[in-house]
Structure formats: structure tokens, C-alpha cells
Amino acid sequence: LGEMTGAGIPVPPGAVLTAEAYRHFMKDNGIEVSKRPEQIRAAILAGRMPDDVKAEILAFYQSMGKAVRVAVRSSATAEDLEDASFAGQQQTFLNVQGEDMLISSVKACYASLWGDRAVSYRKEKGYDAQPVALAVVIQRMVESDVAGVLFTQNPASEDTSEMLINASYGLGESVVSGAVSPDELVCARDGWVKKQVIGSKETMVIYGAEQTVTVPVAPEERNRLSLTDSQIKKLVEKGAEIEAHYQAPMDIEWAFAGEELYILQARAITTKAAPEFDKT
């Protein structure tokens, strides 16, 4: 996210609570990682945020404005590697408002590093012997009308010129979590839609009083494509720009608020052995 921000890619503003803060928290609370995962999680959730770390978090949050809605997102040191994608292994909290909820969400992110699924995946991939830590991204929420995922090379095709878009209404959580059948579009790199399947999109995730809620989508909205032609073109162009920046095929989470496009995440595609990227 920091690299994309520096490259002028439209990432929502935020900050990173570094992995050093996690290590400080663990040491300050005397939490030993040699214990069972459930014991580590319980100790983290019961732990006290060190005063200096808490002051840093709250100072940044207050600088964003009054009761700003933020996403609190995990970023582990062993994550999105060339041979493994840890997407979804650690937790993300959306529509976090208020200082107490923010601090609690940071601790919950820390605890999720020791979730059974995350621990098992690290062991399976051979990373369990490495010391791991967790940074936390605190980022202004985008109240999106439509959101989803873009693969800059279609994982289901050998044609490296094809991009694949999955899109649905509301926040991107619906698509990322697999809670809905999204619209699926196979696009050429100029934005021409080669194939489209309109998904059922029965529900969408929106802001609630706290965090998020799932609500039904109106029948007339379900039966039409969630993206406009101009949005598709803008998304494909931005995907090509991000791919060129990283010189690799990318898996990108995105959101539109009106016609304003925001990039929420980008990682190398690990869903298949992607063809060699042509740098010419």
C-alpha cells in the first residue's frame, strides 16, 4: 500500500502500525509464543496496549478527523510470498469507529496471527519455524457503491492478454469472502468486454451502526451488471498500470465510490503458475 501510494496509485489514506509495535506488545505483556495457539490468542486479547503504542495509534486516528470510519487490516511478516498467499488468514475489521473499538480491533488483528487456520497454513507451507510478527494497517474506509477483485491475467485462461473482474454491490467483503455470486467479466486490455456473466448478487455488505451489516439487493439491481462501461475501462487501465509497476501479474482489490476508483490491495497472483510476464 505504501509503495502504491508513492507511485501515485489511488490508495485510501492511512498509516501502518509496524511489526515492531506487535513485538513491543508481546514483550510488554509477557506473552510466550511457545504456548498453544488458543492460549496465545487469549493472552493477546486480555493484554494491555503499551502506553506509547496506544498514544501513537490514537494521535493518528484523531488527526484523521472526528469519529472517522476506518478499516483495521492485518499484514503479517510472512504474507503474500511468491510461493504462498496468506490472504484471509489474518483478520480485517471494517467500519471501526471510536478509540476503544480501534484499540480492540488492533489487538484482535494481533490475535488472528495465532488463529488455527493461520498457524496450520504456515506449518503446511514450511514457515512455522520462522519468527512471525504482524503489522496493522489503519486506513480510511471507502463507502463503495461497487467493489471486487481484478486479476490482471485471467487465472482460468492461457491468454495472458485477458483480465478477469469479479464485481458486486457495496463493500468488497462480499466478493472477497465468497458470500455472493458476483458479476464476472473477461476483458481485453483496452476495456472491451469479451465475456460477461451477471451474478445473482443477492446481498451486499454496507456500513452498520458498528462494523458492517449484510442487506438484500433489490431484484432489479441483481439482474443488471454492477459496473458501468466507464468504470470497467478505468479499472482495466489502472490494473495494467499496477501490473507494469510491479512487473508481474496482480490480484487487486478495488472499490468505486461513484466514479472515483480506489485500490485497496494488490498482491502477486498465486492461484496458478502464471506465465512468464513479458517486460517488453
Side-chain angles (χ1 to χ4, degrees), residues 10-12 67-73 87-88 91-97 101 139-157 159 162-240 242 250-267 269 271:
V11 173
V68 171
R69 301 173 190 263
V70 294
V72 181
R73 307 171 63 185
Q91 284 190 279
T92 286
F93 299 90
L94 304 177
N95 193 25
V96 173
Q97 278 187 292
M101 188 185 294
Q139 192 173 25
R140 184 183 292 273
M141 283 284 295
V142 174
E143 191 165 9
S144 53
D145 304 302
V146 59
V149 178
L150 165 69
F151 295 91
T152 64
Q153 285 187 14
N154 183 359
S157 172
D159 184 349
E162 287 184 354
M163 293 190 180
L164 175 66
I165 299 171
N166 289 329
S168 193
Y169 298 115
L171 305 180
E173 184 68 13
S174 294
V175 177
V176 174
S177 67
V180 298
S181 297
D183 296 331
E184 185 170 291
L185 298 91
V186 176
C187 301
R189 289 180 175 262
D190 61 0
W192 175 57
V193 178
K194 299 171 69 173
K195 177 185 176 183
Q196 70 178 43
V197 176
I198 296 179
S200 51
K201 307 184 295 291
E202 299 97 337
T203 61
M204 61 179 173
V205 176
I206 61 171
Y207 287 166
E210 289 187 1
Q211 297 191 6
T212 59
V213 294
T214 301
V215 299
V217 173
E220 62 273 17
E221 298 294 308
R222 298 179 195 176
N223 298 327
R224 70 172 182 84
L225 201 61
S226 55
L227 286 167
T228 65
D229 290 344
S230 64
Q231 287 173 329
I232 294 168
K233 184 172 175 58
K234 188 178 292 187
L235 181 56
V236 166
E237 288 174 350
K238 192 57 64 177
I242 294 168
M250 301 298 287
D251 168 356
I252 299 165
E253 293 178 27
W254 54 268
F256 274 103
E259 288 299 312
E260 197 70 33
L261 172 62
Y262 294 93
I263 302 301
L264 308 179
Q265 187 132 300
R267 62 178 74 86
I269 291 176
T271 51

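Predicted model, so just to flag it, every value in this text is computed and none were measured.
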Q.
Any non-hydrogen side-chain atom of V146 less than 4.5 Å from a side-chain atom of F256?
A. yes
Q) Is any side-chain heavy atom of I198 closer than 4.5 Å to a side-chain heavy atom of N223? A) no
Q: Could you tell me whether R267 and E253 have a side-chain N and a carboxylate O separated by less than 4.0 Å?
A: yes
Q. If you count the non-hydrogen atoms of other residues, nucleotides and ligands that lie under 6.0 Å from NZ in K194, is the total more than 12?
A. yes
Q.
Let's go through L264 and R73 carefully: what are the C-alpha distance in whole Å and the side-chain angles of both, what is the deciding distance for side-chain contact (heavy atoms from CB on, under 4.5 Å) to 0.1 Å, and is it a yes or a no?
A. CA-CA 11 Å; L264 308 179; R73 307 171 63 185; 4.3 Å; yes
Q. Which heavy-atom pair separates S168 from V180 by the least distance, and what is that distance?
A. OG-CG2, 3.8 Å
Q | Nearest heavy-atom neighbours spanning S144 and L171 | A | OG-CA, 3.4 Å
Q. Do N166 and F151 pass the side-chain contact (heavy atoms from CB on, under 4.5 Å) test, and can you show the C-alpha distance, the side-chain angles, and the key distance before you say yes or no?
A. CA-CA 9 Å; N166 289 329; F151 295 91; 4.3 Å; yes
Q. Is there a donor-acceptor pair closer than 3.5 Å between any side-chain N or O of D251 and the backbone N or O of I269?
A. no
Q) With side chains defined as the heavy atoms from C-beta onward, is the minimum distance between V193 and L225 less than 4.5 Å? A) no
Q) Looking only at atom types and distance, does a side-chain atom of R222 sit under 3.5 Å from a main-chain N or O of V217, one as donor and one as acceptor? A) yes
Q) Under 3.5 Å, side chain of Q97 to main-chain N/O of A67, donor-acceptor pair present? A) yes
Q: Kindly give the heavy-atom pair with the smallest separation between G199 and D183, and that separation in Å.
A: N-OD1, 2.9 Å
Q: Write down the atom of R189, the atom of T152, and the distance for their closest heavy-atom approach.
A: NH2-O, 2.9 Å
Q) Any sub-3.5 Å donor-acceptor pair from K201's side-chain atoms to R224's backbone N or O? A) yes
(Q) Donor-acceptor pair, distance only, cut-off 3.5 Å: does the side chain of S157 make one with the backbone of D159? (A) yes
Q | From Y262 atom OH to R140 atom CZ, the distance as rounded to the nearest 0.5 Å | A | 9.5 Å
Q | From N154 atom CG to E184 atom CD, the distance as rounded to the nearest 0.5 Å | A | 7.5 Å
Q) Is a donor on one side and an acceptor on the other found under 3.5 Å between the side chain of Y169 and the backbone of E221? A) yes
Q. Which heavy-atom pair separates Y207 from V142 by the least distance, and what is that distance?
A. OH-C, 3.7 Å
Q: For residues L261 and Q231, determine if any side-chain heavy atom of one lies less than 4.5 Å from a side-chain heavy atom of the other.
A: no
Q) In Å, rounded to the nearest 0.5 Å, how long is the span from CG of L185 to CG of L227? A) 6.5 Å
Q | D229, CG: over 12 other non-hydrogen atoms inside 6.0 angstrom | A | no
Q | K238 and I252, any side-chain heavy atoms less than 4.5 Å apart | A | no
(Q) Quick check for you: to the nearest 0.5 Å, what is the distance between W254 atom CH2 and I242 atom CD1? (A) 12.5 Å
**Q.** Interatomic spacing from CG in N95 to CE in M101 - rounded to 0.5 Å
**A.** 7.5 Å
Q.
The criterion is side chain to side chain donor-acceptor pair (under 3.5 Å); which residues satisfy it with E220, sequence neighbours excluded?
A. none
Q. What is the minimum heavy-atom distance between E259 and T228, and which atoms define it?
A. OE2-OG1, 3.9 Å
Q: Find the distance between CD (E237) and CG (L235) and round it off to the nearest 0.5 Å.
A: 10.0 Å
Q: Classify the side-chain pair T212/E173 by whether it contains a donor and acceptor separated by less than 3.5 Å.
A: no
Q) Any side-chain heavy-atom pair from V213 and I206 closer than 4.5 angstrom? A) yes
